[in-house]
Amino acid sequence: MALKFYNSLTKKKEIFTPLHESRVNMYVCGPTVYDHPHIGHAKSYVSFDVIVRYLRYLSYKVRYVQNITDVGHLTDNADTGEDKIVKRAQRECVEPAELVEIYTRSYFEDMDALNNIRPDISPRATAHIPEQIELVEKLIEKGFAYVSKGSVYFDVQKFKEYGKLSGRKQEELDAGARIEINPEKRYPSDFALWKKAEPDHIMRWKSPWGEGFPGWHLECSAMSMKYLGQTLDIHGGGLENVFPHHECEIAQSEAANELPFVRYWIHNNMVTVNGQKMGKSLGNFITLKDAFKKYHPLTIRFFILTTHYRSPLDFSNEALDAADKGIERLHNTVKSMRERLHYAKDGSTPPNIYEKLAQYRKVFLEAMDEDINTSGAIAVLFDLSKEVNTLLSSDQEISRKCLEDIDALYQQLGGDILGIIPKTFESKQKSEMDVLGNVMEVLIDTRNELRKAKQWQLSDFIRNKLLTIGITLDDRPDGTTWKKIK
RNA sequence: GGCGGCAUCGCCAAGUGGACUAAGGCCACGGUUUGCAAAACCGUUAUCCUGGGUUCGAAUCCCAGUGCCGCCUCCA
């Protein structure tokens with residue numbers, strides 16, 4: 001068994017071997033923090049989170065870097081237009097620095113809710129201006145960049161391999177370029193490394209070329225180099241960034257270092273909403289904060305992971321409702337198993353159970369090894385749950401040790417790797433302590449007395465009345481439980 | 001116009017040459033269980049967009065067609 005990734009650079013699935021044994025240096029393009037995160041961010045960062053988790057499960061020491069872009073992206077294209085952060089800050093009547101702070105916090109809040117493990121380093125573009133300037137200087141020195149009217153451009157003609165990631169040819173780029181030809185550039189596809197700030201531009205820094213701000217591809221090259229070295233094991237990002245962003249990163253980094261920039265390029269596919277592309281500029285994006293009002297964050301995480309990361313994901317209420325029921329089923333099994341654990345004693349172990357558990361683990365890991373097939377891995381979790389449910393409802397004795405081992409398997413596969421099974425579920429203790437909990441206890445006790453007396457009409461009356469106010473009762477062999485319907 | 005991707009049961013979605021008479025979830029139906037339910041379990045439901053081709057063998061490879069989508073302008 002060996003972990004394989006689909007490498008966008010070679011367009012093939014390749015066995016993963018890191019540059020340095022047992023260590024993985026990974027960089028993922030982070031968000032531009034000028035608005036609340038949306039479900040597209042969720043897909044991207046949940047996907048990469050699972051990759052990090054799986055690499056760690058495989059005992060790699062991973063350093064996961066994900067930038068926070070707090071400057072530089074312009075509204076129109078790479079070289080003209082307004083700075084989006086500045087524009088938004090003006091609209092909200094706050095300082096750009098304030099705006100960036102608000103949305104950075106919002107971003108982490110939502111990623112935490114989705115159960116993404118935080119990156120080891122979340123470097124900000126504005127905190128790395130000197131590194132970026134240094135990189136530009138190096139590129140000028142080496143003859144890959146030129147200064148033009150206070151701005152600096154990368155000379156694409158000098159970098160022969162430009163286009164190797166996106167499969168674009170230079171002539172085509174020049175010929176078919178939709179962008180207006182910028183007279184400051186030597187060639188249409190040259191891209192800005194540093195832009196001169198116009199007098200009214202707020203976000204500006206001193207540089208050898210006058211006051212200005214960094215080009216939008218530069219930060220990723222400069223920061224990944226600083227924290228991860230000149231050759232990264234993995235660079236991830238959204239498919240839409242293959243060109244021009246990642247192509248330009250390669251050009252900058254490889255021109256400067258004369259070393260391969262990235263060994264494995266991993267790109268995740270996009271989110272659509274009811275079959276339509278979702279984009280910031282289209283204004284049809286669903287923020288996570290809105291989505292969380294209707295669905296539990298773990299439902300959204302689960303939903304994302306039922307589709308492969310390289311496939312597009314269509315966000316619809318029907319699909320989310322189905323996912324909601326699916327994850328509930330999984331959780332129910334784990335809950336019952338853990339309840340059983342409370343009163344389990346030492347005893348005998350069901351026959352062959354350990355062979356079966358080992359088999360489930362094996363199939364799960366095989367799915368993950370195949371380019372992170374989370375859909376296949378989740379299917380294994382459902383198969384396992386069927387097995388466990390059957391076991392729990394049988395008359396077989398199940399030792400405490402055995403239940404603990406089953407729980408450990410769930411925690412590793414569903415918890416540590418996929419992040420969809422919590423260590424502990426929201427305890428009912430809390431609600432049982434409050435008035436509702438006490439009242440429910442009285443009602444259930446009363447109803448069970450009625451049931452003992454075979455007063456079915458009255459006991460059904462109670463259950464039906466509760467249902468109309470959104471509470472369901474389950475009469476299980478070991479007692480009656482209740483829960484609120486979402 | 002250039003580049004790339006996708007099309008699998010009612011819906012979602014794995015599988016990319018032979019254990020596929022195709023995983024798993026949702027929905028539906030039948031059964032077991034239950035006082036009745038719920039939960040759980042068992043069972044039922046596809047030959048893989050169309051047409052050619054390669055092969056002993058194709059959902060999986062090739063060609064053509066149809067449809068959908070993405071990138072080429074910021075976006076995860």
Side-chain angles (χ1 to χ4, degrees), chain A residues 11 13 28-32 34-35 37-48 72-81 84 163 166-169 171-173 175-180 216 236-245 267-272 275-282 285 302-303 306-308 310-314 316 318-330 332-333 336 363 367 370 373-383 385-386 388-390 392-394 451 454-457 459-460 463-464 467 472-477 480-481 483:
Chain A
K11 314 254 185 297
K13 263 191 211 174
V28 171
C29 285
T32 303
Y34 69 100
D35 206 344
H38 53 69
I39 52 178
H41 293 105
K43 174 164 165 73
S44 184
Y45 299 122
V46 165
S47 300
F48 289 112
H73 288 196
L74 303 180
T75 47
D76 279 350
N77 61 44
D79 306 325
T80 60
K84 272 192 251 192
S166 56
R168 272 154 230 263
K169 304 215 167 44
E171 312 81 69
E172 288 165 2
L173 288 171
R178 271 206 259 153
I179 49 173
E180 277 175 55
W216 65 287
L239 205 54
E240 83 288 352
N241 278 330
V242 171
F243 188 89
H245 190 228
H267 289 99
N268 71 284
N269 217 130
M270 317 291 283
V271 168
T272 53
Q276 268 219 314
K277 175 198 157 91
M278 187 186 78
K280 281 190 180 174
S281 55
L282 295 177
F285 63 88
F302 173 82
F303 173 62
T306 52
T307 303
H308 188 89
R310 281 192 292 114
S311 300
L313 177 72
D314 189 46
S316 67
E318 297 72 46
L320 261 298
D321 288 342
D324 200 38
K325 289 188 177 148
I327 194 172
E328 192 188 2
R329 197 161 130 81
L330 224 43
N332 280 343
T333 304
S336 322
V363 178
E370 272 305 311
N373 182 356
T374 49
S375 182
I378 286 172
V380 176
L381 250 29
F382 278 102
D383 289 339
S385 295
K386 199 167 275 187
V388 171
N389 280 326
T390 304
L392 290 174
S393 57
S394 73
R451 290 174 68 218
K454 297 197 194 301
Q455 300 256 29
W456 309 128
Q457 252 189 324
S459 58
D460 286 355
R463 188 171 57 191
N464 290 337
L467 191 62
T472 58
L473 294 183
D474 293 353
D475 295 326
R476 300 157 168 244
T480 301
T481 63
K483 65 181 170 193

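A, B, ... follow the sequence lines: proteins, then strands. Residue 1 opens every chain. Heavy-atom basis, side chains included; hydrogens, waters and symmetry copies ignored.
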How far, in whole Å, is [M] from [N] if one measures between their [atom1] atoms?
N     : M     : atom1 : answer
B:A14 : B:C49 : P     : 15 Å
B:C42 : B:U47 : C1'   : 25 Å
B:G18 : B:U60 : P     : 12 Å
B:C20 : B:C48 : C1'   : 10 Å
B:G4  : B:A58 : P     : 28 Å
B:G2  : B:A19 : C1'   : 45 Å
B:A28 : B:G10 : C1'   : 9 Å
B:A59 : B:A23 : C1'   : 14 Å

If we ignore hydrogens and angles and just use 3.5 Å, is the side chain of A:T306 paired with the main-chain N or O of A:S375 as donor and acceptor?
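Here the side-chain-to-backbone pair does not exist.
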Has A:D324 got a side-chain atom pairing as donor or acceptor with A:L320's backbone, closer than 3.5 angstrom?
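Answer holds: no.
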Identify whether any heavy atom of [X] sits under 4.0 Å from a base atom; if not, whether one sits that close to sugar-phosphate; answer base, sugar-phosphate or nothing.
X      : result
A:F48  : nothing
A:L330 : nothing
A:S336 : nothing
A:K325 : sugar-phosphate
A:S375 : base
A:N389 : sugar-phosphate
A:G326 : sugar-phosphate
A:D321 : nothing
A:V28  : nothing
A:D475 : base
A:D460 : base
A:A322 : sugar-phosphate

Would you indicate which nucleotide in [options] comes nearest to any side-chain atom of [X]?
X      : options             : answer
A:F243 : B:A76, B:C72, B:G24 : B:C72
A:F382 : B:G35, B:A76, B:G24 : B:G24
A:P244 : B:C41, B:A13, B:C74 : B:C74
A:T390 : B:C41, B:A13, B:G15 : B:C41

Quick one: [X] [atom1] to [N] [atom2], roughly how many Å, whole number?
X      : N     : atom1 : atom2 : value
A:M278 : B:C75 : CE    : C1'   : 9 Å
A:H308 : B:C6  : NE2   : C1'   : 14 Å
A:M270 : B:A76 : CE    : P     : 9 Å
A:K13  : B:U60 : NZ    : P     : 16 Å
A:D314 : B:C68 : CG    : P     : 15 Å
A:L320 : B:A13 : CG    : P     : 12 Å
A:L239 : B:C3  : CG    : C1'   : 12 Å
A:F302 : B:G25 : CZ    : C1'   : 6 Å

Any N or O donor-acceptor pair linking the side chain of A:R463 to the base of B:A37 at under 3.5 Å?
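Checked by distance alone, the answer is yes.
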base_contact_polar (B:G5 base, A:N269 side chain, donor-acceptor, <3.5 Å):
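When only heavy-atom distances are counted, A:N269 does not reach the base of B:G5 through any donor-acceptor pair under 3.5 Å.
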For the pair A:F382 and A:F302, name the ring-plane relationship: parallel under 30°, tilted 30 to 60°, perpendicular over 60°.
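It falls in the perpendicular class, over 60°.
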Should the pair A:Y45 and A:H41 be assigned to parallel (<30°), tilted (30 to 60°) or perpendicular (>60°) ring geometry?
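A:Y45 and A:H41: parallel rings.
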Please work out whether B:A40 sits syn or anti, treating a glycosidic angle within 90° of 0 as syn.
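Anti, angle beyond 90° from zero.
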Has A:K454 got more than 12 heavy atoms of other residues, nucleotides or ligands less than 6.0 Å from its NZ?
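No, the 6.0 Å shell around NZ holds no more than 12 heavy atoms from other groups.
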Just checking A:Q276: does its CD atom have more than 12 heavy atoms from other residues, nucleotides or ligands closer to it than 6.0 angstrom?
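Atom CD in A:Q276 is not crowded, with 12 or fewer foreign heavy atoms closer than 6.0 Å.
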A:V271 vs A:H38 side-chain heavy atoms within contact, under 4.5 Å
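In short, these two side chains do not touch, never coming nearer than 4.5 Å.
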Contacts of type ring pair (Phe, Tyr, Trp, His ring centres under 6.0 Å), residue A:F303, not counting sequence neighbours:
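Only A:F315 meet the ring pair (Phe, Tyr, Trp, His ring centres under 6.0 Å) criterion with A:F303.
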Mark this stacking check for A:W456 against B:G35 as yes or no, applying ring centres under 5.5 Å and ring planes under 30°.
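It does: the ring sits over the base of B:G35.
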Are [X] and [N] close enough that a side-chain N or O sits under 4.0 Å from OP1 or OP2?
X      : N     : answer
A:S311 : B:A14 : yes
A:R168 : B:G2  : no
A:R329 : B:C41 : yes
A:S393 : B:U33 : no
A:R476 : B:A40 : no

Want to know the stems of RNA chain B: at least 3 consecutive Watson-Crick or G-U pairs with distances under 3.5 Å, which are they?
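B:1-7 with B:66-72, B:10-12 with B:24-26, B:28-32 with B:40-44, B:49-53 with B:61-65 - these are the stems of 3 or more pairs that involve RNA chain B.
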Whichever of A:G40 and A:N332 has its nearest RNA chain B nucleotide further upstream toward 5'
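Going by which nucleotide is closer to the 5' end, it is A:N332.
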Closest nucleotide of RNA chain B for A:K386 versus for A:Q276: which of these residues is on the 5' side?
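Between the two, 5'-proximity favours A:K386.
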Salt-bridge contact A:K483-A:E328 (side-chain N to carboxylate O under 4.0 Å)
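Between A:E328 and A:K483 there is a salt bridge, with a charged N closer than 4.0 Å to a carboxylate O.
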Taking 4.0 angstrom as the limit, do A:D383 and A:K386 come out as a salt bridge?
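The answer is no: the pair does not qualify as a salt bridge.
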Under 3.5 Å, is there a donor-acceptor pair linking the side chains of A:N269 and A:S311?
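Side-chain D/A pair, A:N269 to A:S311: absent.
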